[in-house]
Amino acid sequence: MTQDELKQAVARAAVDYIAPRLDSRSIVGVGTGSTANYFIDYLAEYQSDFDGAVASSEATAERLKSHGIPVYDLNAVGEIEFYVDGADETNERLELIKGGGGALTREKIVAAVAKTFICIADESKKVDILGDFPLPVEVIPMARSHVGREIVKLGGDPVYREGFTTDNGNIIIDIHNLDISRPIVMEEKLNNVVGIVTNGLFARRPADLLLLGTSDGVRTIERKGV
Ligand code: 5RP
């Protein structure tokens with residue numbers, strides 16, 4: 001199977017998982033990226049079974065709306081039952097690197113609110129130790145140089161993502177060669193750098209369920225302790 005077919009398979013599996021658990025009041029949190037896009041397309045088949053969605057990016061909001069799915073402001077909804085999103089890397093504990101598409105801040109907010117976070121990813125995303133994929137951080141533009149120097153102190157190599165502005169009007173720095181052997185510790189260190197809005201480590205709030213697309217089918221991996 002191609003990587004694209006694996007993404008389609010996990011998106012379909014996520015819809016199969018949540019559809020029987022939705023009711024007319026349910027709000028679904030929806031992530032960003034190519035895997036999330038497949039999820040949106042399949043979710044649209046069930047749009048009469050739930051109320052609407054909260055989007056993690058403008059692009060996702062547009063795709064949801066193009067299918068006629070109502071998109072709510074997060075502040076207008078009480079509770080989000082499920083958040084479904086892709087990832088750039090996941091480890092065994094379902095700690096993630098996200099933000100390859102630059103939507104990490106809104107993704108982290110929706111994930112924080114959701115009762116259940118379902119990560120959908122093809123098997124190329126599964127790693128033993130996070131960090132081969134450069135870790136994105138969203139940064140207030142005036143803090144770019146300061147944040148770059150702080151990243152170097154943490155042992156990483158900061159690379160400014162040229163020509164990219166987030167939905168929140170900020171920039172992205174991708175951190176190469178960072179030691180992420182202790183994801184929660186690194187997430188907290190980066191949270192403490194003034195000027196970083198959000199870092200792409202989802203370790204303090206990891207996924208609850210991983211649907212991993214493999215050539216042998218979709219594997220369902222529950223986070224231990226959930
Ligand atoms: C966007 C993300 C995406 O979930 C991540 O980049 C994976 O994308 P794709 O599904 O296209 O492989 O974090 O900010």
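Atoms within a ligand are numbered from 1 in the order they appear, just like the ligands themselves.
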Original post:
Between Lys126 and Glu92, is there a side-chain N and carboxylate O pair less than 4.0 Å apart?
Top reply: yes
Original post:
With a cut-off of under 6.0 Å to the ring centre and 45° to the axis, is Lys108 in cation-pi contact with Phe202?
Top reply: yes
Original post:
Does Gly31 reach ligand 1, in the sense of a heavy atom lying below 4.0 Å from it?
Top reply: no
Original post:
Taking only heavy atoms of Gly101, which atoms of ligand 1 are found under 4.0 Å from at least one of them?
Top reply: 1 (C), 6 (O), 14 (O)
Subject >> ligand 1 contact on Ser57 by region, counting heavy-atom pairs under 4.0 Å >> reply: neither
**OP:** Give the numbers and elements of all ligand 1 atoms closer than 4.0 Å to a heavy atom of Ala103.
**Re:** 14 (O)
Subject >> Residue pair Arg21, Glu81: steps toward the salt bridge (Lys or Arg N to Asp or Glu O under 4.0 Å) verdict >> reply: CA-CA 9 Å; Arg21 295 170 167 88; Glu81 190 70 35; over 6 Å; no
Subject >> Pi-cation contact, Phe50 with Arg25 (under 6.0 Å, within 45°) >> reply: no
**OP:** May I ask you to decide if the ring planes of Tyr17 and Phe82 are parallel, tilted or perpendicular, using 30° and 60° as cut-offs?
**Re:** perpendicular
**OP:** Examine distances only and state if a side-chain atom of Glu95 and a backbone atom of Pro183 form a donor-acceptor pair shorter than 3.5 Å.
**Re:** no
Original post:
With a cut-off of 4.0 Å, which atoms of ligand 1 are near a heavy atom of Gly86?
Top reply: 4 (O)
Original post:
Who gets closest to atom 14 (O) of ligand 1 by heavy atom: Glu107, Lys125, Lys98, Arg106?
Top reply: Glu107
**OP:** Distance to 0.1 Å, residue and atom name: give those for the protein heavy atom nearest to atom 10 (O) of ligand 1.
**Re:** Thr35 OG1, 2.5 Å
**OP:** Using a strict 4.0 Å cut-off to heavy atoms of Lys7, name the atoms of ligand 1 that fall inside it.
**Re:** 9 (P), 11 (O), 12 (O)
Which atom pairs, donor and acceptor, lie under 3.5 Å between side-chain atoms of residues 218-226 and protein residues at least two apart or in another chain?
unit_1, atom_1, unit_2, atom_2, d
Arg223, NE, Ala207, O, 2.9
Arg223, NH2, Asp208, OD1, 2.8

**OP:** Can you sort out which atoms of ligand 1 are near Asp85, meaning under 4.0 Å from one of its heavy atoms?
**Re:** 4 (O)
**OP:** May I ask you to identify the nearest protein heavy atom to atom 11 (O) of ligand 1, giving residue, atom name and distance to one decimal place in Å?
**Re:** Ser34 OG, 2.5 Å
Original post:
Hey, which atoms in ligand 1 end up nearer than 4.0 Å to a heavy atom of Gly33?
Top reply: 11 (O)
Subject >> Test: Lys7 cationic atom under 6.0 Å from Tyr38 six-membered ring centre, within 45° of axis >> reply: no
Subject >> Minimum-distance protein heavy atom relative to atom 3 (C) of ligand 1 >> reply: Thr32 O, 3.2 Å
Subject >> Atom CG of Asn192: over 12 foreign heavy atoms under 6.0 Å >> reply: yes
Original post:
What atoms in ligand 1 come closer than 4.0 Å to a heavy atom of Gly99?
Top reply: 2 (C), 13 (O), 14 (O)
Original post:
Under 4.0 Å from any heavy atom of Asp88, which atoms of ligand 1 are there?
Top reply: 5 (C), 6 (O), 7 (C), 13 (O)
